[in-house]
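What follows is a single structure, written as structure tokens, with notes after it.
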Amino acid sequence: MSAPEASRGRVVGLVTSTHAAAHDTGPGHPERPARIDALLARLERSGIAGELARLEAPLADHTALTRVHPAGYVARVAAAIEGGAPYVDSPDSAVSRGSFDAALAAAGGALAAADRIMAGAWDAAFCALRPPGHHAEEATSMGFCLFNNAALVARHLQAVHGLGRVAIVDWDVHHGNGTQHLFERDPSVFYASLHESPHYPGTGARGERGLGDGEGATLNLPQPGRSGDAAWLAAFEGTLLPALEAFAPEFVIVSAGFDAHALDPLSSTRLSAQAFATFTSGLREVLGRAGWDGPGHGRLLSLLEGGYSLEGLAESADAHVAALVRG
């Protein structure tokens with residue numbers, strides 16, 4: 001047990017993995033091991049790392065993966081990596097020999113963090129793990145993503161912990177096509193996305209609100225390129241947070257991409273690091289009004305998605321984590 005857990009104030013976990021560095025995407029690929037190094041170094045320099053409870057991510061088992069992804073897809077990903085394939089399904093999703101364990105750790109770390117939050121040991125957590133997940137479809141890898149970590153946590157919370165309503169809030173600059181498609185017919189999972197549009201992957205139009213029984217449980221708030229804090233915060237505070245509160249989730253998962261930062265090379269959006277702190281504080285306020293925010297009651301799990309400027313990623317993640325801890 002770490003010092004933050006022993007003192008039992010507000011406990012925020014930080015989940016990392018030694019496997020993350022072994023996911024080698026090759027020279028010039030933006031989703032690279034240096035992302036995690038830069039992020040963790042910034043948390044140390046700012047001092048916020050000393051306020052976090054640390055956990056080395058366990059590897060997810062195949063039962064957890066197959067709550068979302070067919071067993072045949074999991075086996076195909078494993079075989080491709082073991083066989084030395086340079087990528088899975090798309091050249092964007094580059095892999096190396098260490099990629100399967102890194103993906104298992106990214107999923108397993110997220111699930112372990114959710115378990116600690118549900119047990120009341122942690123109030124919230126940030127998973128600094130890779131590869132990211134929100135572009136992964138049910139049986140297709142794309143956009144740097146192999147397994148959909150946010151979706152895996154949502155199904156785990158429902159299957160293992162018996163939750164009825166789970167929300168996923170995605171502020172990555174790219175729309176989380178995989179997450180939306182996995183839940184668009186399911187009214188028990190609310191998916192809300194702020195993203196740049198038009199932009200990769202081309203999904204996430206405002207009119208995409210879910211299908212069948214899930215209609216209304218999907219909320220897309222596309223923002224034009226070169227938008228900044230004012231536009232994104234207006235959409236987040238004016239539309240997303242009221243919709244989230246109306247859904248009354250029992251747990252909130254954040255697909256925390258930081259590639260909307262002004263320095264990011266893969267977008268034209270111009271957010272500051274402070275915007276991510278404001279997003280985080282807004283979510284905590286919603287949880288607080290629901291009676292879940294505070295020692296033993298915070299149900300907020302943040303999963304690293306994008307963010308490809310090392311400086312922009314580091315300062316944004318630092319602001320986000322500080323807001324998790326201090327509000």
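What you see below is based on every heavy atom in this structure, not just the backbone, and it leaves out hydrogens, waters and symmetry mates.
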- Report the distance from atom CG of D229 to atom CD of Q274, rounding to the nearest 0.5 Å. 8.0 Å
- Message: In the structure I gave you, are the side-chain heavy atoms of V160 and R67 within less than 4.5 Å of one another anywhere?
- Response: yes
- Please say which of L157, L287, I168 ends up in a side-chain contact (heavy atoms from CB on, under 4.5 Å) with F251. L157
- Query: Is E305 reaching over with its side chain to a backbone N or O of G133, donor-acceptor style, under 3.5 angstrom?
  - Reply: yes
- Report yes or no: do T280 and H320 form a side-chain donor-acceptor pair below 3.5 Å? yes
- Enclosure of R226 CZ (heavy-atom neighbours >12, cutoff 6.0 Å): no
- Query: Among the clusters formed by ILVMFWY side chains lying less than 4.5 Å apart, do F258 and L310 turn up in the same one?
  - Reply: no
- Reported CG-to-CG distance for the pair L65 and L104, which is rounded to 0.5 angstrom: 6.0 Å
- Looking at A105 and L129, what are the two nearest heavy atoms and their distance? O-CD1, 3.7 Å
- Task: Determine whether V77 and F144 fall in the same hydrophobic cluster, where Ile, Leu, Val, Met, Phe, Trp and Tyr are linked whenever their side-chain heavy atoms lie under 4.5 Å apart.
- Result: no
- Item | Side-chain donor or acceptor of R10 paired with backbone N/O of L324 under 3.5 Å | yes
Pair up each side-chain donor or acceptor in residues 237-246 with any protein partner under 3.5 Å, not counting sequence neighbours, and list the distances.
residue: E245; atom: OE1; partner: R289; partner atom: NE; Å: 3.3
residue: E245; atom: OE1; partner: R289; partner atom: NH2; Å: 3.0
residue: E245; atom: OE2; partner: R289; partner atom: NE; Å: 2.8

- Kindly give the heavy-atom pair with the smallest separation between E31 and R35, and that separation in Å. OE2-NH1, 2.8 Å
- Return yes if some donor-acceptor pair links the side-chain N/O of D259 with the main-chain N/O of Y308 below 3.5 Å, else return no. no
- Between H135 and Y200, how do the two ring planes meet: parallel, tilted or perpendicular, split at 30° and 60°? perpendicular
- Does R116 reach the main-chain N or O of A121 with its side chain, forming a donor-acceptor pair under 3.5 Å? no
- Message: Between Y87 and D92, is there a side-chain donor-acceptor contact under 3.5 Å, judged purely by atom types and distance?
- Response: no
- Task: For residues I253 and V166, determine if any side-chain heavy atom of one lies less than 4.5 Å from a side-chain heavy atom of the other.
- Result: yes
- Item | Under 3.5 Å donor-acceptor, S227 side chain and P224 backbone | yes
- Message: In the structure I gave you, are the side-chain heavy atoms of V12 and F126 within less than 4.5 Å of one another anywhere?
- Response: no
- Whether S96 side chain and A22 backbone form a donor-acceptor pair below 3.5 Å: yes
- Can you check whether V286 reaches V252 side chain to side chain, under 4.5 Å on heavy atoms? no
- Task: Please work out which of the three classes, parallel, tilted or perpendicular, describes the rings of H69 and F147, given edges at 30° and 60°.
- Result: tilted
- Task: Test salt bridge (Lys or Arg N to Asp or Glu O under 4.0 Å) on R45 and D318 and set out the steps.
- Result: CA-CA 10 Å; R45 288 197 306 274; D318 188 66; over 6 Å; no
- Query: Taking C-beta and beyond as the side chain, do T66 and Y73 meet within less than 4.5 Å on heavy atoms?
  - Reply: no
- Item | From CA spacing to verdict: side-chain contact (heavy atoms from CB on, under 4.5 Å), V95, L146 | CA-CA 9 Å; V95 293; L146 299 178; 4.2 Å; yes
- Item | I36 and T16: CA distance, side-chain angles, deciding distance, side-chain contact (heavy atoms from CB on, under 4.5 Å) verdict | CA-CA 9 Å; I36 303 296; T16 58; 5.6 Å; no
- Can you tell me how far the OG1 atom of T269 sits from the CG atom of L271, to the nearest 0.5 Å? 6.0 Å
- Query: In Å, rounded to the nearest 0.5 Å, how long is the span from CH2 of W122 to CG of L55?
  - Reply: 4.5 Å
- Message: I need the minimum non-hydrogen distance between L283 and L300, along with the two atoms involved.
- Response: CD1-CD1, 4.2 Å
- Within the side chain of D123, is there an N or O that forms a donor-acceptor pair under 3.5 Å with the backbone of V11? yes
- Message: With no hydrogens and no angle check, just 3.5 Å: does a side-chain donor-acceptor pair link H175 and T203?
- Response: yes
- Can you tell me if E208 and T218 form a side-chain donor-acceptor pair at under 3.5 Å? no
- Message: Please determine whether the number of non-hydrogen atoms from other residues, nucleotides or ligands lying under 6.0 Å from atom CG of D37 exceeds 12.
- Response: yes
- Task: Please report the C-alpha distance between D89 and T140 in whole Å, then the side-chain angles of each, then the deciding distance to 0.1 Å, and finally whether the side chain to side chain donor-acceptor pair (under 3.5 Å) criterion is met.
- Result: CA-CA 7 Å; D89 292 329; T140 307; 4.9 Å; no
- Query: Do you know which two heavy atoms are closest between N220 and G204, and how far apart they sit?
  - Reply: CB-O, 3.4 Å
- Taking all non-hydrogen atoms of both residues into account, name the closest pair between L301 and C127 and its distance. CD1-SG, 3.9 Å
- Query: Do we see a donor-acceptor contact under 3.5 Å between the side chains of S255 and D172?
  - Reply: no
- Task: Ignoring hydrogens and angles, tell me if any N or O in the side chain of R284 forms a donor-acceptor pair with the backbone of A323 under 3.5 Å.
- Result: yes
- Message: Is any side-chain heavy atom of H156 closer than 4.5 Å to one of D115?
- Response: yes
- Query: Is any NZ, NE, NH1 or NH2 atom of the basic residue among R155 and E138 found under 4.0 Å from an Asp or Glu carboxylate oxygen of the other?
  - Reply: no
- Item | M142-V68 co-clustered via ILVMFWY side chain contacts under 4.5 Å | no
- Task: Apply side-chain contact (heavy atoms from CB on, under 4.5 Å) to R326 and I48, showing your working.
- Result: CA-CA 10 Å; R326 301 167 184 163; I48 198 70; 3.4 Å; yes
- Message: Is the ring pair F236/W171 parallel, tilted or perpendicular, if the boundaries are 30 and 60 degrees?
- Response: perpendicular
- Query: In terms of hydrophobic clustering (I, L, V, M, F, W, Y; side-chain heavy atoms under 4.5 Å; direct or indirect links), are L52 and L39 co-clustered?
  - Reply: yes
- H261 and F276: ring-ring contact (aromatic ring centres under 6.0 Å, His included), yes or no, with the steps? CA-CA 9 Å; H261 188 278; F276 298 103; 7.1 Å; no
- Task: For A235 and L221, work out which heavy atoms get closest and say how close.
- Result: O-CD1, 3.7 Å
- Task: Check whether any side-chain heavy atom of E315 sits under 4.5 Å from a side-chain heavy atom of S272, and report yes or no.
- Result: no
- Can you tell me how far CG of N177 sits from CD of E184, rounded to the nearest 0.5 angstrom? 10.5 Å
- Query: L152, L182: one ILVMFWY side-chain cluster at the under-4.5 Å cut-off?
  - Reply: yes
- In Å and rounded to the nearest 0.5 Å, what is the SG to CZ distance from C145 to R130? 11.5 Å
- Find out whether R209 and E215 are in side-chain contact, i.e. whether some heavy atom of one side chain is under 4.5 Å from a heavy atom of the other. yes
- Does any N or O in the side chain of R165 come within less than 3.5 Å of the main-chain N or O of A248, such that one atom is a donor and the other an acceptor? yes
- Query: Run the side-chain contact (heavy atoms from CB on, under 4.5 Å) check on L219 and F247 step by step: do they pass?
  - Reply: CA-CA 11 Å; L219 175 65; F247 180 74; over 6 Å; no
- Sidechain-backbone polar pair: R32 side chain, P30 backbone, donor-acceptor under 3.5 Å: yes
